[in-house]
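Heavy atoms only: backbone and side chains are in, while hydrogens, waters and symmetry mates are out. This is a predicted model, so every value here is computed, not measured.
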Amino acid sequence: MKMSVDFNREVDRRSTSDVKWRPEGLKGYLPIEVSENEIPMWIADMDFACPECIVRAIKERADKEIFGYCSYKQEYYDALTWWFDKRFGMKIHTDLVSMMPTVVSAINVAIRAFSNPGDKVIIQQPVYDPFAELIKKTGRVMVNNGLICNDGLYEMDFPLLEEQAADPDAKIMILCSPHNPVGRVWTKEELARVGEICKKNNVLVIADEIHSDLVYAGYVHTPFALASDAPHLVCTSLGKTFNVAGLRLANIFSSSAELKKQYDQEIDAYSYSASNTFGLEMVQAAYSPEGEAWLEELLVYLQGNVEVVSEWCQKHNVGFTAPQGTFLCWLDLASAGLTDEEIIKKIIMGKEVICVPGPWFGKGGEGHLRLNIGCTRKTLVEALDRIASVLNN
């Protein structure tokens, strides 16, 4: 299916309740005041219009005029199985699928279902901060299997993981795949080794695969379920792929009926079992040939944005390794002589380029900045120009 999407088209987000583009949306994130002159490149959603197939499906559903309780029809499961088979060669067993509003809420419930307060949960920093927050808020103990950066390429510390997983108090490992913020797309061999270590030590793997569709040419995302037979939950969502985070629907794949039963009991305990009327329509519309065609064009555009960032970093002596996946770029500004305090003061506050400071992702994030490139080329260039003005001075 051929189509042409104008990803340079600017969509008005200030007149909506979108958190990303409203200065007051920052108040719970950074204690700073910004004007409408800000360039928001922080929260991980994109500035592109959703695929027409999704917009059309939601409009048609809205025309039905009633938005009562809904259930999952066969068409929903058909779309789900088609997508994962087509994109990844993964056969979905629909009786092992659970639904949650978001991947973060899914991980939250999983931590509560498969561990107890005081148990240890392994993560790999620098990594998406809600992982550490969930562990803390549920009374578990965070164990950091920190990533190793070799000439800009991040790798897993497997010897350390062997030691950490062998601790009888270690019950869960949260795997970010592809990785946010460093942009690694783990190989099948790397994932298999994670599975081998965790299976040997009875550590449950919770794989956050929300960025799985956003992988660049030359790299392949392997679902954890295809790399290992270790007990696991694979958490997926269309939120990043199609820019529909507000429709709040995630699909969780359990590796066994026993695991799913225990997980679903916890879902019911928190009353998360209700479905999202428009989310159902969104999944069926997006997981289609039309949705896939839109995604392929998106990846080409995002690859162009990565190249713009790469050239800019070379020009300004900023450390950068192009992401293998995600629409997030991990900039090493320490190499350009900026401290974490200066990054916040001079770039985020001074130039109002609202990015996520590296320390937000834990140990290993020092001196870094996460830049969301899911935006128009014009917005990206303006943001980079503002940052350059700081570096040039």
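Considering only heavy atoms from C-beta on, V308 comes within 4.5 Å of L380 through its side chain. The side-chain heavy atoms of H368 and L331, taken from C-beta on, include no pair separated by under 4.5 Å. Counting heavy atoms from C-beta on, the side chains of D157 and L147 never come closer than 4.5 Å. Between M100 and V109, some side-chain heavy-atom pair lies under the 4.5 Å cut-off.
Linking Ile, Leu, Val, Met, Phe, Trp and Tyr whenever their side-chain heavy atoms come within less than 4.5 Å puts M142 and V203 in one cluster. Connection of L295 to V215 is not established within any shared hydrophobic cluster, with ILVMFWY side chains joined at heavy-atom distances below 4.5 Å, either directly or through further cluster members. Under the 4.5 Å side-chain contact rule for hydrophobic residues, L191 and Y219 do not share a cluster.
The residue from F88, Y216, W186, F84 that alone fulfils the ring pair (Phe, Tyr, Trp, His ring centres under 6.0 Å) condition with H221 is F88.
In summary, the aromatic rings of Y77 and W83 are positioned with their centroids too far apart to meet the 6.0 Å limit. Checked against a 6.0 Å centroid threshold, the rings of F361 and W330 count as neighbours.
For Y272 and N108, the side-chain atoms include no donor-acceptor pair closer than 3.5 Å. A side-chain donor-acceptor contact under 3.5 Å links N150 and E155. In the model, S115 has a side-chain atom that pairs as donor or acceptor with a side-chain atom of R140 under 3.5 Å. Using a 3.5 Å distance cut-off with no hydrogens or angles, the side chains of S98 and D264 do pair a donor with an acceptor. For the 3.5 Å distance criterion, the side chains of N8 and R377 fail to qualify, holding no donor opposite an acceptor. Under 3.5 Å, the side chains of S310 and E307 contain no donor-acceptor pair of N or O atoms. Checked by atom type, the side-chain pair S389/N392 shows no donor-acceptor distance below 3.5 Å.
The backbone N or O of N243 lies less than 3.5 Å from no partner atom in the side chain of D45, so there is not a single donor-acceptor pair.
Atom CE of residue M282 and atom CD1 of residue I54 lie 6.5 Å apart, to the nearest 0.5 angstrom. Here the SG-CZ distance, from C53 to F242, works out to 7.0 Å after rounding to the nearest 0.5 Å. Note that NZ of K240 and CD of E209 are 15.0 Å apart. Values are rounded to the nearest 0.5 Å.
A salt bridge links R56 and E290; the closest N-O separation between the charged side-chain nitrogens and carboxylate oxygens is under 4.0 Å. Taking 4.0 Å as the cut-off between side-chain N and carboxylate O, R87 and E296 count as a salt-bridged pair. A salt bridge links R13 with D18; the closest basic N to acidic carboxylate O contact falls under 4.0 Å. Between K346 and E342 a salt bridge is recorded (basic side-chain N to carboxylate O distance below 4.0 Å). Ion pairing between R386 and E382 holds under the 4.0 Å rule for side-chain N and carboxylate O. Ion pairing between a basic and an acidic side chain is recognised when a charged N comes within 4.0 Å of a carboxylate O; K20 and D47 show such pairing. Salt bridge K378/E10: present, at least one basic N to carboxylate O contact under 4.0 Å.
Ring geometry for Y301 versus F7: interplanar angle of 30 to 60°, hence tilted. Aromatic ring pairs are classed by plane angle as parallel below 30°, tilted from 30° to 60° and perpendicular above 60°; the pair F131 and Y128 is perpendicular.
Atom CD of E341 has 12 or fewer neighbouring heavy atoms from other residues, nucleotides or ligands inside a 6.0 Å radius.
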